[in-house]
Amino acid sequence: MSDKVVLAYSGGLDTSVAIKWLKERYNLDVIALTIDVGNERDFSAVQQKALKVGAVKALVKDAKEAFVNHFVFLALQADALYEGQYPLATALSRPLMAKLLVDTAREEGASAVAHGCTGKGNDQVRFDVSVNALAPGLKIIAPAREWGMTREETINYAQRYGIPVPVTAASPYSIDENLWGKSIECGVLEDPWAEPPEEVFTWTRSPDKAPDEPDYVEIGFEKGIPTTIDGQEMKGVSLIQWLNELAGRHGVGRIDHLENRLVGIKSREIYEAPAAAVLLQAHQALEAMTLSKAQLRFKQKVAVEYADLIYNGLWFTFLRQDLAAYVKSSQRFVTGTVRLKLFKGSSTVVGRKSPVSLYSYGLATYDKGDQFDQSASPGFIHIWGLPVRTQAQVQMLSQKEKGEM
Ligand code: ARG
């Protein structure tokens, strides 16, 4: 009896070829594991294909809820945006997939896990480091990193073994999708001077083809988690799907990112992430109202760290747990509603309210009802400006003497 390997199977060309290759090269029986993280697809067709190509078993797991509740919403609460641009859709899905690979390997008594990543990207790092963290010693095989075939050779290999080559293999683009966003690479996009052709966008309308009337949407948050749309309660998965549809229709969420990969390469990535764009914007707008200035300043630093850590494949680390504990604590008063206007490619916050708002009308107003004690300001300024005056008196004078000012 051969040993078994659990392969993260997408149904695409590389992972289909990998089923045959793992048998040929390592004499391993392949259990194909397809994970549904909201990349809408005909999963029973994917399953049939795995079996047809030679997998001994083909499993499909719906991981949408786990993805949203244990990964996406934690990143949202953290305001995680890699290099200020990328909402981390792919990066967040990989540790979850690694966890399911490890769980399945244990259930099925497999001695190894496998994934279809090449040796040039971030995803190999995320899979390998996550599997190492969860199951030190479990063997990891990355066929596409090992076999050294070009795209054309892979297609030839597929044809030789009667593996159906999906039409998407004819497309010049490399695509990854889940609920939190879609990424598009390769083809003409590898020229950073070339404007992305309209055909790469499938989630968002071109802003000039967007409706001529704006849509307003009210997103309700409870402790930093979005729970209602226009006053109606909605579960995470449906809420995100609903916003992807609505904001996408208005052309919101297109991102063109010249990105720094962990492996040292700069790459040009196009993303479509309408729900992520709107939710991150709304969440920050509510934090501006419910967190103190000092909390906001510190949280922005944590957001950068958190985003880097997710991007760099370090989800299953103790540092991530520590940051998560801080973020969770920071969200205890991030409750309220944000109103946004979606129109011709832009999303604008036009209103916000919270039962625990720190915005005080009485302090802010210039109208009657002003409660701010202006007579206290000169004293405050006297002390605030003390070190400035001290330094100016001593050093500006000597600078002037030397003609430096
Ligand atoms: N650059 C993005 C990231 O590293 C997207 C990667 C997409 N992955 C893929 N296999 N197509 O997260």
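Treat the numbers as computed from the prediction; the structure is a model and nothing was measured. One-based numbering, in listed order, for ligands and for the atoms of each.
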Item to complete: May I ask you to check whether Arg320 and Tyr306 show a side-chain donor-acceptor distance below 3.5 Å?
Response: yes

Item to complete: Please work out whether the ring planes of Phe127 and His115 are parallel, tilted or perpendicular, with thresholds of 30° and 60°.
Response: parallel

Practice prompt. Check for a donor-acceptor pair, side chain of Asn244 on one end and backbone N or O of Leu179 on the other, with a separation under 3.5 Å.
Written response: yes

Worksheet item: side-chain contact (heavy atoms from CB on, under 4.5 Å) with Glu305: which residues, sequence neighbours excluded?
Response: Leu323

Practice prompt. Taking salt bridge (charged side-chain N to carboxylate O under 4.0 Å, His left out) as the test, write out the residues that go with Asp256, two or more places apart.
Written response: Arg268

Practice prompt. Please identify each residue that fulfils ring pair (Phe, Tyr, Trp, His ring centres under 6.0 Å) with Phe43, with sequence neighbours left out.
Written response: none

Fill in: Residue shell around ligand 1, heavy atom under 4.0 angstrom
Tyr86, Thr90, Ala91, Arg94, Asn122, Asp123, Arg126, Ser174, Asp176, Ser183, Glu185, Glu259, Glu269, Tyr271, Tyr311

